[in-house]
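See structure below.
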Amino acid sequence: MSDATELRTSSPDLASYRIRRERELSSLYATARSLTALGELDAVLDSIVRAAHELIGTDFTYLSLLGPGGELMLKASQGTISPTFNTARVPSGTGVGGRVIATGAPAWVSNYLKTRDVPHDRSFDDLVAPEGMVALLGVPLLVGDEVIGVLFAADRTERPFEHDEVALLSAFADHAAIALNNARLYDESRSALKQLQAAFRTIEKAQSVHESLTHVVLTGGGADEIARLLVDHLQGAVTVFDRAGAVTARRSVDSRLLPPAGSSPEAVERARRSGRWATTTDGTGRWHSAAAVRAGDTHLGALLLTRTEEPTPVDIRTLERAAQIMGLLVMKETAVAEAEERVNGELLTELLVAVPPVSPAHRARAHARGVDITSLTVIVVAKSETRYAAEIGRRLHAMSAEWNGLGGEHLGRATLLAAASDPAQLARTVHLRLRRELGSPVRVVAQTVTDDDWRRAFETAGRCCDLMRSLGVTDRAATADAYAMFALLFDTDRAQELDRFLADTVQPLLAYDARRSTRLVATLSAYFAHSGNLTRTAGTLHVHMNTLLKRLDRVGSILGPDWREPDRSLQLQVALRLHDLRTQLDRP
């Protein structure tokens with residue numbers, strides 16, 4: 001336990017601190033839940049700054065979104081007094097907002113106009129004085145790994161921002177970013193629906209198709225119903241492709257019109273590239289018309305119409321409308337899946353940060369979702385150097401039901417809590433499926449949960465997963481026990497043991513290097529790596545032999561003349577390796 005932790009633990013204000021933190025967290029969850037009920041983008045923006053203003057308690061708050069040119073444009077504010085401040089635009093790379101955008105992390109200054117730690121913009125500085133802004137905190141609004149804007153909290157007096165304030169506003173910003181993204185998707189869906197309705201009004205012939213397709217949406221239909229309706233109205237054959245190009249539905253008045261299994265006509269690829277539609281013909285006289293299924297800039301699949309006669313403009317418009325409906329269906333399914341994933345993700349996070357024993361409230365919430373918390377005896381952490389943790393987390397969430405567990409992302413790690421009796425077998429099964437679905441290397445570590453302490457099991461599995469990367473392992477399933485010899489590195493409860501071991505072995509050299517800016521530790525590591533061969537060691541270090549000998553003499557004067565003895569030498573080699581691995585694990 002650190003000195004700061006001991007001080008706070010022994011403080012008589014601990015109870016009030018806990019009460020305040022619980023009140024803040026309760027307020028955070030309450031406001032986050034209220035945001036999810038909003039749909040209009042402007043309403044979401046106003047609600048975010050209003051809730052943030054009440055939550056953080058500063059003089060005023062405001063929210064700026066990132067424009068196409070990289071500038072931050074103020075979209076909503078609460079507590080401001082200067083009308084001109086609400087027109088603020090901050091150029092790319094300037095101010096606290098520029099630092100937040102560049103780093104993707106919170107940033108604050110105690111006196112904005114006096115600080116020289118961030119680049120200033122004269123136009124924005126001219127707005128700061130009338131508003132009276134002094135202290136300023138900015139936290140990123142993240143959608144995945146993309147910063148879409150910055151949420152600011154400001155005071156009109158000079159002061160620092162405490163760690164708890166930064167953490168609280170950052171947590172709220174995470175929820176706010178999700179609400180903003182949902183509002184954007186909502187606006188896009190509504191806009192797409194308006195365009196669809198306007199198109200139907202202009203083409204009387206397609207009115208029955210519109211009614212039928214709308215009925216599919218309202219009754220929870222899917223790709224097969226859409227394919228059937230198109231065949232009924234347009235004849236020919238209809239094939240539905242998902243975003244990966246796989247066929248999800250096929251309908252035809254003549255099976256000979258269907259493209260061969262596993263094939264995709266050129267029209268589908270052209271439609272995907274253009275984002276709209278394309279028509280091609282083949283050597284058999286068949287016409288292939290494809291319409292892309294999209295949501296914004298996201299490709300969701302394609303609809304393909306195959307006939308022996310050329311499609312009319314009305315046919316193409318009908319196919320495009322069906323693709324829009326298909327996009328709405330996919331977005332609806334995605335929204336439902338994301339909502340379920342978000343709920344399960346929240347419960348997963350609460351369990352991983354909770355201190356045993358488990359509260360009755362957590363048990364009740366889990367039971368409502370068919371999960372028995374007492375059976376969650378294994379935690380799995382997965383990591384890939386080529387895939388985002390959010391993507392892997394979604395796949396673990398999809399797998400979680402098989403083991404009556406919970407899956408998602410926690411602290412940037414894809415995580416699965418599962419009811420399993422064999423951690424090693426679970427790790428192998430998860431690794432095999434992720435490897436097949438992702439098509440790229442992935443590390444999977446399973447750890448047994450003891451006494452409902454999921455947090456410690458998560459930390460152990462996560463650190464072990466990082467250790468595997470430091471050891472050069474990129475694609476493997478394992479348990480933390482398989483790396484028990486390195487437990488001093490990934491078991492946080494044994495950090496003091498590692499400190500003592502390093503202090504008894506290589507710490508004098510580390511201290512000497514730090515004081516004198518020398519490279520004795522690197523020299524000794526190279527010496528052991530080459531089994532004591534002086535020529536190869538000097539070559540690796542690019543130093544003269546005399547320089548190497550002087551360094552080794554200095555090592556002897558610091559560690560003692562017996563440092564080359566077998567037992568002492570082995571200890572030093574192990575210590576150097578552990579020190580190197582710890583440095584890599586602690587590196588961001």
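The first residue of the sequence shown is numbered 1, and numbering continues consecutively from there.
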If only atom types and distance count, is the side chain of [X] paired as donor or acceptor with the main-chain N or O of [Y] below 3.5 Å?
| X | Y | answer |
| --- | --- | --- |
| Asn182 | Ala179 | no |
| Arg251 | Ala237 | no |
| Thr377 | Ala420 | yes |
| Ser400 | His397 | yes |
| Trp454 | Leu376 | yes |
| Asp242 | Gly301 | no |
| Arg394 | Gly407 | no |
| Thr318 | Val314 | yes |

> Given Leu230 and Leu305, is the side-chain contact (heavy atoms from CB on, under 4.5 Å) satisfied, shown in steps?
Replying inline: CA-CA 8 Å; Leu230 287 176; Leu305 171 66; 6.0 Å; no
>> With salt bridge (charged side-chain N to carboxylate O under 4.0 Å, His left out) as the rule and sequence neighbours excluded, what pairs involving residues 274-283 come up?
In response: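 Qualifying pairs: Arg276-Glu320, Asp282-Arg286.
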Looking only at heavy atoms, which two atoms of [X] and [Y] are closest? And how far apart?
| X | Y | value |
| --- | --- | --- |
| Asp475 | Arg443 | N-CG, 4.3 Å |
| Ala446 | Ala427 | CB-CB, 3.9 Å |
| Ala382 | Val444 | CB-CG2, 4.1 Å |
| Phe458 | Arg413 | CZ-CD, 3.7 Å |
| Cys464 | Ala480 | SG-CA, 3.9 Å |
| Lys383 | Cys465 | CB-SG, 3.5 Å |

Measuring only between side-chain heavy atoms, which start at C-beta, is [X] closer than 4.5 Å to [Y]?
| X | Y | result |
| --- | --- | --- |
| Leu416 | Val430 | yes |
| Thr479 | Gln447 | no |
| Trp277 | Ser289 | no |
| His288 | Val268 | no |
| Val139 | Phe172 | no |
| Leu169 | Leu55 | no |

Between atom [atom1] of [X] and atom [atom2] of [Y], what is the distance when rounded to the nearest 0.5 Å?
| X | Y | atom1 | atom2 | value |
| --- | --- | --- | --- | --- |
| Arg435 | Arg476 | CZ | CZ | 13.5 Å |
| Arg272 | Phe241 | CZ | CZ | 13.0 Å |
| Leu396 | Leu406 | CG | CG | 11.5 Å |

>> Apply side-chain hydrogen bond (donor to acceptor under 3.5 Å, both in side chains) to residues Gln425 and Arg428 and explain how you reach the verdict.
In response: CA-CA 5 Å; Gln425 181 59 43; Arg428 288 191 294 270; 2.9 Å; yes
> Under the side-chain contact (heavy atoms from CB on, under 4.5 Å) criterion, do Leu417 and Trp403 qualify, and how do the steps go?
Replying inline: CA-CA 8 Å; Leu417 266 176; Trp403 291 282; over 6 Å; no
Between the side chains of [Y] and [X], is the shortest nitrogen-to-carboxylate-oxygen separation below 4.0 Å, so that they form an ion pair?
| X | Y | value |
| --- | --- | --- |
| Arg387 | Glu437 | no |
| Glu459 | Arg463 | no |
| Arg273 | Glu269 | yes |

> With distance as the sole criterion, is a donor-acceptor pair present between the side chains of His410 and Thr415 under 3.5 Å?
Replying inline: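 There is no such pair (donor and acceptor under 3.5 Å, judged by atom type) between the side chains of His410 and Thr415.
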> Is a side-chain donor-acceptor pair under 3.5 Å present for Asp453 with Thr450?
Replying inline: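 Not at all, the side chains of Thr450 and Asp453 share no donor-acceptor pair under 3.5 Å.
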>> Run the side-chain contact (heavy atoms from CB on, under 4.5 Å) test on Thr61 and Arg50 for me, step by step, so that the C-alpha distance in whole Å, both residues' side-chain angles and the decisive distance to 0.1 Å come before the verdict.
In response: CA-CA 8 Å; Thr61 59; Arg50 184 168 59 251; over 6 Å; no
Could you give the side-chain donor-acceptor pairs of residues 65-77 under 3.5 Å, partners two or more places apart or in another chain?
unit_1: Glu71; atom_1: OE2; unit_2: Arg89; atom_2: NH1; d: 2.8
unit_1: Ser77; atom_1: OG; unit_2: Thr80; atom_2: OG1; d: 3.3
unit_1: Ser77; atom_1: OG; unit_2: Asn86; atom_2: OD1; d: 2.7

>> Applying side-chain contact (heavy atoms from CB on, under 4.5 Å) to Thr280 and Arg270, what does each step give before you reach the verdict?
In response: CA-CA 9 Å; Thr280 62; Arg270 290 186 183 181; 3.5 Å; yes
